[in-house]
Amino acid sequence: MPELPEVETVRRSLASRISRRTIEDVELRLPKIAFALPGTLFADALRGRQIRELGRRGKYLLIHLDGDETLVIHLRMTGRLVHLRKEERETPEPPHTHAVFRLDDGSLLRYADVRQFGTLTLMATAEALVQPGKGRLGPEPLADDLSFALFHGALVKRKTKLKPLLLDQSFLAGLGNIYADEALARAALHPDRPADSLDEAESRRLYDSIRTVLQEGIDAKGTSFRDYVDGEGRKGEFQEKLWAYGREGALCRRCGGAIVREKRSGRSTHFCPNCQK
DNA sequence: ATGACAACCTGTAAGC
DNA sequence: TGCTTACAGGTTGTCA
């Protein structure tokens with residue numbers, strides 16, 4: 001489900017609702033999804049803690065707490081994090097609700113995940129900012145300090161094909177299957193092109209396309225294909241503006257050719273064979 | 001470094 | 001209708 005634009009949308013939609021609130025209690029119904037420091041219980045570690053502010057790193061949502069710890073949330077495919085104000089708290093609970101946070105203003109933060117892949121991890125803030133997941137994360141695609149020179153330098157060192165490279169979170173943090181396909185479509189680059197085969201103009205197109213498509217995704221409040229909703233339970237709108245993903249058989253918005261869907265590194269890959277070279 | 005694939009889960013849609 | 005298979009916004013581990 002959630003790639004960078006979706007996680008950023010969740011972050012923004014939750015920020016004003018839960019910042020500076022204190023967690024009064026946590027009901028953890030599926031313990032295997034949650035991790036605290038070794039030897040501690042997740043709910044115990046969170047009870048009474050105040051939420052400072054919300055951050056994001058790649059696809060990880062960071063809930064910074066007092067005491068220099070951060071609750072790191074990864075929604076994986078079907079995770080949802082929805083806040084309900086005090087007057088909304090009787091809203092029927094969605095199925096597969098695995099954790100409920102009760103906040104000091106009477107509101108609730110519900111975490112639901114059909115496939116149980118997502119994780120809630122309490123870790124030291126310093127660590128969460130650098131390395132929220134297991135492997136090292138690459139740069140933030142939208143950060144000012146990711147210059148074209150830096151991107152291009154890293155790109156041409158790689159022999160991998162573009163599609164798997166864009167999905168590699170250690171190369172760039174935050175692209176997933178939808179936005180990888182979209183970035184390639186907008187850059188008019190074929191998913192199978194070896195990264196080191198791009199000339200500078202092509203590399204520039206890719207760099208620009210990645211940033212444009214992610215920013216437009218955020219502006220549209222994410223892509224809701226199936227499950228995704230933001231922190232207030234609202235769907236995004238970017239699915240209406242896609243060029244490639246989910247458009248098999250439809251006409252390419254650039255050249256009018258037919259979009260195809262083919263497997264690449266185990267993922268459905270959508271592209272226009274006519275103009276993506 | 002790269003690639004291929006299974007595993008973790010449940011739900012839905014398509015195919016027969 | 002009912003059964004089977006493929007597939008889904010992700011990541012990780014294993015084995016070439």
Side-chain angles (χ1 to χ4, degrees), chain A residues 1-11 29-35 56-61 72-81 94-98 111-121 131-138 141 154-185 191-197 210 213-214 216-218 220-230 235-249 261-270:
Chain A
M1 164 177 73
E3 306 178 30
L4 187 155
E6 288 74 38
V7 179
E8 177 61 19
T9 303
V10 171
R11 187 192 72 77
R29 301 176 193 162
L30 188 66
K32 71 167 186 177
I33 64 166
F35 305 86
R56 180 190 56 74
R57 181 76 173 90
K59 302 174 192 173
Y60 294 89
L61 179 68
V72 177
I73 301 182
H74 198 305
L75 271 14
R76 294 289 182 99
M77 301 283 268
T78 51
R80 293 176 169 202
L81 197 57
H96 307 285
T97 297
H98 305 314
Y111 174 78
D113 184 359
V114 171
R115 295 180 70 179
Q116 306 177 15
F117 290 167
T119 52
L120 315 179
T121 308
Q131 200 180 333
K134 285 273 168 72
R136 287 208 163 62
L137 280 187
L155 184 78
V156 295
K157 279 187 202 142
R158 300 293 228 95
K159 297 187 191 303
T160 332
K161 293 167 179 172
L162 291 177
K163 178 67 189 277
L165 183 62
L166 294 186
L167 291 177
D168 179 353
Q169 302 299 298
S170 68
F171 177 71
L172 260 190
L175 289 171
N177 208 32
I178 294 179
Y179 294 92
D181 281 0
E182 291 305 302
L184 291 170
D192 292 340
R193 275 288 294 281
D196 63 2
S197 76
I210 289 169
V213 85
L214 291 174
E216 289 182 6
I218 294 171
K221 299 187 186 301
T223 304
S224 292
F225 241 86
R226 316 184 156 72
D227 307 279
Y228 167 72
V229 294
D230 71 9
K235 290 181 180 292
E237 293 170 358
F238 200 59
Q239 61 278 8
E240 292 156 27
K241 298 177 181 170
L242 298 175
W243 282 31
Y245 189 89
R247 298 191 70 241
E248 182 184 11
R261 173 168 66 115
E262 296 177 11
K263 283 272 183 210
R264 291 292 186 283
S265 44
R267 313 294 301 276
S268 277
T269 298
H270 313 70

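None of these values were measured; they are calculated from a predicted model. Each chain gets a letter, A, B and so on, in the order the sequences are listed, and its residues count up from 1.
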Output row for DNA chain B, stems defined as at least 3 consecutive Watson-Crick or G-U pairs under 3.5 Å, is B:2-8 with C:10-16, B:10-16 with C:2-8

Which value, in whole Å, describes the distance between the C1' atoms of nucleotides B:dC9 and C:dG2?
24 Å

If the P atom of C:dC7 is compared with that of B:dC5, how far apart are they to the nearest Å?
13 Å

Using distance alone, with no hydrogens and no angle criterion, decide if A:Arg261 and A:Ser268 have a side-chain donor and acceptor under 3.5 Å apart.
yes

Just checking, is any N or O donor in the side chain of A:Tyr60 or A:Gln169 under 3.5 Å from an acceptor N or O on the other one?
no

Below the 4.0 Å mark, does C:dT11 have OP1 or OP2 next to a side-chain nitrogen or oxygen of A:Lys134?
no

Would you please say whether a donor-acceptor pair under 3.5 Å links the side chains of A:Asp181 and A:His270?
yes

Is a side-chain N or O of A:His96 found less than 3.5 angstrom from the main chain of A:Pro94, in a donor-acceptor match?
no

Calculate the interatomic distance between A:Arg226 atom CZ and C:dG10 atom P; express it in whole Å.
11 Å

Atom CZ of A:Arg80 and atom P of C:dG10: how far apart are they, to the nearest Å?
16 Å

Take atom CD of A:Gln116 and atom P of C:dT11, then tell me their distance rounded to the nearest Å.
18 Å

Does A:Lys163, at its NZ atom, have more than 12 non-hydrogen atoms belonging to other residues, nucleotides or ligands within less than 6.0 Å?
yes

For the side chain of A:Glu6 and the backbone of A:Thr223, is there at least one donor-acceptor N/O pair under 3.5 Å apart?
yes

C:dC3 and B:dC8: how far apart are their P atoms, nearest whole angstrom?
25 Å

Scan nucleotides 2-8 of chain B nucleotide by nucleotide, 5' to 3', and note B when protein non-hydrogen atoms come under 4.0 Å of the base, S if they reach only the sugar-phosphate, - if neither.
SS----B

Passing candidate, side chain to side chain contact (heavy atoms under 4.5 Å, CB included) with A:His74, options A:Thr119, A:Leu61, A:Thr121, A:Ile33
A:Thr119

Only residue of A:Arg136, A:Lys161, A:Arg158 satisfying salt bridge (Lys or Arg N to Asp or Glu O under 4.0 Å) with A:Asp168 is A:Arg158

Could you pick out which residue, A:Ser268 or A:Gln169, lies toward the 5' side of DNA chain C when each is mapped onto its nearest nucleotide?
A:Ser268

With P as the reference atom in both, quote the distance from C:dG10 to B:dA1 in angstrom, rounded to an integer.
23 Å

For atom NZ of A:Lys159, decide whether the heavy atoms of other residues, nucleotides or ligands shown that lie under 6.0 angstrom number more than 12.
no

For A:Lys263 and C:dC7, what is the distance between atoms NZ and C1' respectively, to the nearest whole Å?
7 Å

Using whole Å, what does the distance between atom P of nucleotide B:dA1 and atom CG of A:Asp196 come to?
14 Å

Any side-chain N or O of A:His74 less than 4.0 Å from the OP1 or OP2 oxygen of C:dT11?
yes

Please state how far atom NE2 in A:His96 lies from atom P in B:dC9, giving the value in whole angstrom units.
14 Å

Taking atom P of C:dT11 as reference, at what distance in whole Å does atom CZ of A:Arg267 sit?
8 Å

In whole angstrom, what separates A:Glu3's CD from C:dA8's C1'?
12 Å

Describe the nucleic acid contact of A:Arg261 in one word from base, sugar-phosphate, nothing, applying a heavy-atom distance below 4.0 Å.
sugar-phosphate

Between B:dT10 and C:dT1, how far apart are the P atoms? Round to whole Å, please.
26 Å

For A:Gly266, which contact category applies under a 4.0 Å heavy-atom criterion: base, sugar-phosphate, or nothing?
nothing

Mind checking whether A:Pro5 and A:Phe238 have side chains closer than 4.5 Å, heavy atoms only?
no

